Each structure stands twice: as structure tokens, then as C-alpha cells.
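One structure is given here, and the rest of the page talks about it.
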Protein chains: 2
Amino acid sequence: MSTQPGPPRQEPIGLYIQRVAKELNRAFEVELSAVGGNVPTWLILVSLKSGKPETQRQLADAVGIRGATLTHHLEGLERNGLVARERDPNNRRVQKVALTDAGEEAFQRMFKTVVAFDSQLRDGFTDKELETLRKLLGRLTE
Amino acid sequence: MSTQPGPPRQEPIGLYIQRVAKELNRAFEVELSAVGGNVPTWLILVSLKSGKPETQRQLADAVGIRGATLTHHLEGLERNGLVARERDPNNRRVQKVALTDAGEEAFQRMFKTVVAFDSQLRDGFTDKELETLRKLLGRLTE
DNA sequence: TATTGTTATACTCTATAACTATA
DNA sequence: TATAGTTATAGAGTATAACAATA
């Protein structure tokens, strides 16, 4: 086998995205932890705030994790007083998860951080460029 | 506090990238595991094949993990007979890591998988679009 | 029988701290 | 003292399987 001529082979686009995502994720984790948060907590709180998920099943799907994994995280959040769970009287299989006041405050702190982080990321990009980026990324997972 | 008027707030660009990356990563893991591989193994083998890293330190940096984490992975790879390590006689602190024949075969299997995966990802994109995507992503982590 | 969630358990990837051996 | 790597230990995030409660 001989070395191929021509331009050097480019890194696979998938791996490149992983690398960028990993770097962004680490920076994001640092920012969130500075206000006492972490990524799964943020994803769960923001899903709860959106008000859409009615059940833990839906919440798990929204966050992209398994039910058992969600239970694990909710236990931590409940232990830290950020959420409260109570059975739905109409369907006692369902646990209704709600933010406590402390959870609301935690959410607000993280929200500020996320907005600042995002605005810093967007900095230097035009709206059109960001739109292009979103569209191209979206087509990758269609 | 009242609901804001105007267009709905878009998902932060960073989180959007995380979501896309996570989905791609899971699909990639499935493909790799079908040929007996996994992501860290692939990253390590591909770094070794590039021939650049002379020491484990450099290898760890190339893969983006800590030295101790690399040791952990290399132990697994050595146990499975994919790599061999031996001390450099010129500097006996250094471990030279090399692919065994079995490691070479594993690399080739994963390589085929990665190329197929990447080509499937690129499908439906023009070269120009991919170039744009790479450039925009690159600017995010400058 | 199907659905919702929990428990028990374990795996993977990662990390830090303390260490050995070399230089 | 500094560098290369290992060992010991732990933590975060995730998962599957078996289960209980409810519908």
C-alpha cells in the first residue's frame, strides 16, 4: 500500500462536530458549575419550565435519557430541594414533577449563565450565518 | 412577569449543537460496536496510525483526555491484544505504543465503518455546504 | 396486558492525587 | 527538580433488567 497523492484527507465531518461539541460542552459545564449547576440539571429544569412534559416518561424523552436515568437525576434534584414530586390523583401511576421556589431560583441563575454563554458564542456571527449553521446541522440528523 | 411577544426564543446554538452531536455520536457508537469497536478506541487507534504522537502524553493530548485516562484505555487495548507497549531505550520513562497485527485489523474494520458512516453523512450535501459548515463550526471555538 | 415509575446493579468515560522510575 | 507513566480511587452519566403499582 502506497501513500495517496492529492490533498490530505479531511477529518470526517461527524468527528469534527464531536470535537467542537466536546469543547463547547466542557466550557458550558464550567460556566454552569460556577452557579452550582450541571448539564443534566439544566436540561431537566428547562424542560420543566417549558411546561410541556406532563409525565416523567415525556420528560425523559425531552431530555433524551432513559426513565431510570431520569429517576436517578430527579432523586438528586429532590434531595437538593429543587423539585417536588407528587402523584397525579387522576392517574396515580404518574408523578407530577414541579419546580420548588429554590428550583426556580436555581433555574434563573442557570438561565442567566446560559444566555450569557450563548450570546458570547453568537458574537461575531451574523444572524444569517447562524441560520445557515442551524440549517446545515439540522440536515445532518434528518 | 408577562409572556414576551414576538417570535419564539430559539434554542441556544450551543445546546443545539450538543443535541445534534449527541444524536450523531449515538449512531456512530452503534456502527462502531457492530465491528467490535467504540469511540475512545477509535480515537486512540487513529491517532496511533497517524504516527504523530511519540509518547503517551502526546497521545493523550491528541485524543483530548488525561494521561491516567489514557493508561486506563491502553490497558484494555493491550488486554485485548490490539496494542503493545514497550519502553524506549533512549528514554526509559517513555512507553512506545504500537499497533499489533490484530490492532491493525481492528483499525481497518473500524476505518471502513467510519468512512461509510461519514460518506452517508455527507450524502445530500454539496462540497461547498460542508466547507461552510466546517468554517462556521471552526469559528465557534476560536 | 400495557403503562409509569423505581430499585438494584453495573458499565463507560472521565478525573485527581499520590506514587514510581527515570532524567 | 521535572517528566512520563501508573495505581488507587472516585464521581458523573448512562444503561438494562426485574419489579411494584396502577390502569
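What you see is a predicted model; the values in this text were computed from it and never measured. To find a chain, count down the sequence lines: A is the first, B the second, and so on, and within it residues start at 1.
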Legend entry - Residues within residues 14-23 of chain A bordering DNA chain C, heavy-atom distance below 4.0 Å: A:Lys22

Inset, instruction - Give me the one residue out of A:Glu104, A:Glu105, A:Lys112 that meets side chain to side chain donor-acceptor pair (under 3.5 Å) with A:Gln108. - result: A:Glu104

Inset, instruction - For atom CZ of A:Arg66, decide whether the heavy atoms of other residues, nucleotides or ligands shown that lie under 6.0 angstrom number more than 12. - result: no

Give the table of side-chain donor-acceptor pairs shorter than 3.5 Å for residues 90-100 of chain B, with sequence neighbours excluded, one pair per line with atom names and distance.
unit_1	atom_1	unit_2	atom_2	d
B:Asn91	OD1	B:Arg93	N	3.2
B:Asn91	OD1	B:Arg93	NE	3.4
B:Lys96	NZ	B:Glu54	OE1	3.2
B:Thr100	OG1	B:Gly81	O	2.6
B:Thr100	OG1	B:Leu82	O	3.2
B:Thr100	OG1	B:Ala102	N	3.4
B:Thr100	OG1	B:Gly103	N	3.0

Under 3.5 Å, side-chain donor or acceptor atoms of residues 68-76 of chain B against the rest of the protein: list the pairs with distances, not counting sequence neighbours.
unit_1	atom_1	unit_2	atom_2	d
B:Thr71	OG1	B:Gly67	O	3.2

Inset, instruction - Starting at CG of B:Asp61, measure out to NZ of B:Lys52 and round the result to the nearest 0.5 Å. - result: 13.0 Å

Legend entry - Option among A:Asn38, A:Val63, A:Leu48 that satisfies the side-chain contact (heavy atoms from CB on, under 4.5 Å) test with A:Leu43: A:Val63

Inset, instruction - Return the minimal non-hydrogen interatomic distance between A:Tyr16 and B:Gly138, and the atom names on each side. - result: OH-CA, 3.2 Å

Legend entry - Residues from residues 47-57 of chain A lying under 4.0 Å of DNA chain D - heavy atoms: none

Inset, instruction - Write down the distance between CG (A:Leu59) and P (C:dG5), rounded to a whole number of angstrom. - result: 9 Å

Legend entry - Gap between atom CG of A:Leu136 and atom CZ of A:Arg139 - 0.5 Å precision: 6.0 Å

Legend entry - Reported CD1-to-CZ distance for the pair A:Ile17 and A:Arg19, which is rounded to 0.5 angstrom: 11.5 Å

Inset, instruction - Report the C-alpha separation of A:Val114 and A:Phe28 in whole Å, then their side-chain angles, then the decisive distance to 0.1 Å, and conclude whether the side-chain contact (heavy atoms from CB on, under 4.5 Å) test is met. - result: CA-CA 8 Å; A:Val114 171; A:Phe28 187 52; 3.8 Å; yes

Legend entry - Residues within residues 72-92 of chain B bordering DNA chain C, heavy-atom distance below 4.0 Å: B:His72, B:His73, B:Asn91, B:Arg92

Legend entry - Contact under 4.0 Å: B:Thr71 side-chain N or O vs D:dG5 OP1/OP2: no

Inset, instruction - Find the distance B:Gln95:CD to D:dT3:P and express it as a whole number of Å. - result: 19 Å

Inset, instruction - Nearest 0.5 Å please: distance from the NZ atom of B:Lys49 over to the CD1 atom of B:Ile44. - result: 15.5 Å

Legend entry - Pairwise distance NZ(A:Lys135) to CG(A:Leu133) - rounded to 0.5 angstrom: 12.0 Å

Legend entry - Whole angstrom value for the distance that separates C1' of C:dC11 from CD1 of A:Ile65: 17 Å

Inset, instruction - Take the protein atom CG of B:Asn38 and the nucleotide atom C1' of C:dC11, then report the distance between them rounded to whole Å. - result: 12 Å

Inset, instruction - Using atom CZ of B:Arg66 as one end and atom P of D:dT6 as the other, report the distance to the nearest whole Å. - result: 16 Å

Inset, instruction - Could you tell me the separation between the CZ atom of B:Phe107 and the CH2 atom of B:Trp42, rounded to the nearest 0.5 Å? - result: 4.5 Å

Legend entry - Atom CD of B:Gln120 with >12 non-hydrogen neighbours under 6.0 angstrom: no

Inset, instruction - Quickly work out the B:Asp61 CG to D:dA4 P distance and round it to whole Å. - result: 10 Å

Legend entry - 5'-most by nearest nucleotide on DNA chain C - A:Arg26 or A:Ala68: A:Ala68

Inset, instruction - Starting at atom CD of A:Gln58, determine the distance to atom C1' of C:dG5, rounded to an integer number of angstrom. - result: 13 Å

Legend entry - Candidate nucleotides D:dT7, D:dA23, D:dA2, ranked by approach to the side chain of B:Arg93 - the nearest: D:dA2

Legend entry - Terminal helix-axis angle for the helix from C:dT1-D:dA23 to C:dA23-D:dT1, with five pairs defining each axis and rounding to 10 degrees: 10°

Inset, instruction - Could you state the atom-to-atom distance from CG of B:Leu43 to P of C:dC13 in whole Å? - result: 10 Å

